[in-house]
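Notes for the one structure printed next.
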Number of protein chains: 2
Amino acid sequence: MITKLPQLKHDFTESLSQISRFWGFPKGMGAIFAVLYLSSSPLSLDEIVQQTGLTKGAVSTEVRALARMGLVQRSSKLADRKDYYEAESDFYQSIRSILKERQNSEFDRSLRSVKEMLEKLEAGVVSGNQAEVQFVHERLQALQDFFDAIDSLTRAVVKLEKLGLGNVKSILGVLK
Amino acid sequence: MITKLPQLKHDFTESLSQISRFWGFPKGMGAIFAVLYLSSSPLSLDEIVQQTGLTKGAVSTEVRALARMGLVQRSSKLADRKDYYEAESDFYQSIRSILKERQNSEFDRSLRSVKEMLEKLEAGVVSGNQAEVQFVHERLQALQDFFDAIDSLTRAVVKLEKLGLGNVKSILGVLK
DNA sequence: TAGAACGTTTAGTACTTACTAAACGCAGTA
DNA sequence: TACTGCGTTTAGTAAGTACTAAACGTTCTA
């Protein structure tokens, strides 16, 4: 059974849409990236519109979000008013961008507030049953340690310019 | 300025709600976990209801989801018909559970379908402009390699029984 | 057997969000 | 100046989701 290339591409955009939605991004975003990722040349906004079936407005906003995250690059041709977009093909680069983007969010604000609670506990300015205060202190400290470990690990991964099977193997060795 | 313990707990549940929502979970789920995490003894469903302000129905379903993910444990006392819940305090354990849970999802189905596309390309049953087919083949292969690397890394982390600053330091060393 | 004390399920609601359609602004061109 | 070809913005919509209120089923007890 022969499969036609356009059909294959279409299936791929559907898969990436699912993956995108799974990670909390709009599914249209995944579709746009899929189309760009499988294109050997940069595409204009209208070409993306045509290949995804989305409207111009949607593509306009989503593609800008993708660019902000560093997942696509915007370019232009001389004597051509259109914008052209192409997918970042280095996924390690992409991941780094996404993580960086996420760090400046409300998520980080919540982490900071946990930190502030710990500081209060350490300063001894929390009133209540002392045994319970102690218990809460320990739990929050454990949580904080966990966050710190994850944070370090993330930073380490972000610093990599390439994460290949080689690195992973060495990591596995260390963790043994 | 003295802070009362209940106030501190309340702030904490708010923070965890945010974090929960950020990662794509219902915010009530985060609130429930927060209450359990800061309680030194297992809580009944009604106690959770009282401390979170959610309704029994909501707590019932959310707490079951948490249990399925391994983030809380359900227990019961002899001669007491109530169910009691307590938070898993080992986050590494929790992460492992969550990742395991996620692996059986639609996300994995999407990954498999990418794999099938690659197999078709390798079997040469895809028709179309040969240069383009070749290009698509390379891109999909790169994507697959990336997924494999991430997968190995995840499995490695999942296998750890503890991820401490020590491990992270060693990883950092290797990746240097 | 009636009733109480649980947890679960269901029907409905308020809210969010991804999207569409269309108006808009802005630059280049006749 | 009007027109055309762009990308952007906005107003509105359809669908999903987290929740509430209340009915329900079950098991123990009086």
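Quick caveat: nothing in here was measured; it's all calculated off a predicted structure. Note on naming: letters A, B, ... go to the chains in the order of the sequence lines (proteins, then strands), and numbering restarts at 1 for each one.
Following rounding to the nearest Å, Asp80(A) (CG) and dT29(C) (C1') show an atom-to-atom distance of 15 Å. The separation between Phe25(A) atom CZ and dC19(C) atom C1' is 18 Å, rounded to whole Å. In this structure, Arg74(A) atom CZ and dG7(D) atom P are separated by 9 Å, rounded to whole Å. Here dA18(D) presents its C1' atom at 11 Å from CD1 of Ile32(B), a figure rounded to the nearest Å. Remark: P of dT8(C) and NZ of Lys82(B) are 15 Å apart, rounded to the nearest angstrom. Straight-line distance from the CG atom of Leu43(A) to the P atom of dC6(D): 15 Å, rounded to whole Å. Between Glu47(B) atom CD and dC6(C) atom P there is a gap of 10 Å when expressed in whole angstrom units. Rounded to a whole Å, the CE atom of Met29(A) is 14 Å from the P atom of dT17(C).
With salt bridges taken as basic N to acidic carboxylate O contacts below 4.0 Å, one links Glu132(B) and Lys9(A).
For the atom pair CG (Leu66(B)) and CZ (Arg74(B)), the distance works out to 11.5 Å, reported to the nearest 0.5 Å. The line from OG of Ser39(A) to CD of Gln51(A) is 7.0 Å long, rounded to the nearest 0.5 Å. The distance from the CG atom of Leu8(B) to the CE atom of Met117(A) is 6.0 Å, given to the nearest 0.5 Å.
Contact check, Arg64(A) against dT9(D): a side-chain N or O comes under 4.0 Å of OP1 or OP2.
Both Lys27(A) and Val63(B) lie close to DNA chain C; mapped to their nearest nucleotides by heavy-atom distance, the more 5′-ward contact belongs to Val63(B).
Nearest nucleotide to the side chain of Asp46(B), out of dG7(C), dG7(D), dA18(D): dG7(C).
Near-neighbour residues of DNA chain C inside residues 53-62 of chain A, defined by a heavy atom below 4.0 Å, number-ordered: Gly53(A), Leu54(A), Thr55(A), Ala58(A), Glu62(A).
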Problem set entry | side chain to side chain donor-acceptor pair (under 3.5 Å) between Gln50(A) and Asp46(A), intermediate numbers included | CA-CA 6 Å; Gln50(A) 192 222 328; Asp46(A) 275 327; over 6 Å; no
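At a cut-off of 3.5 angstrom, the base of dG5(D) holds at least one donor-acceptor pair with the side chain of Arg81(A).
Remark: Glu122(A) pairs with Leu118(A), His137(A), Gln141(A) by the side-chain contact (heavy atoms from CB on, under 4.5 Å) rule, at least two apart or across chains.
Between the Tyr85(A) side chain and the Leu36(A) main chain, no donor and acceptor come within less than 3.5 Å of each other.
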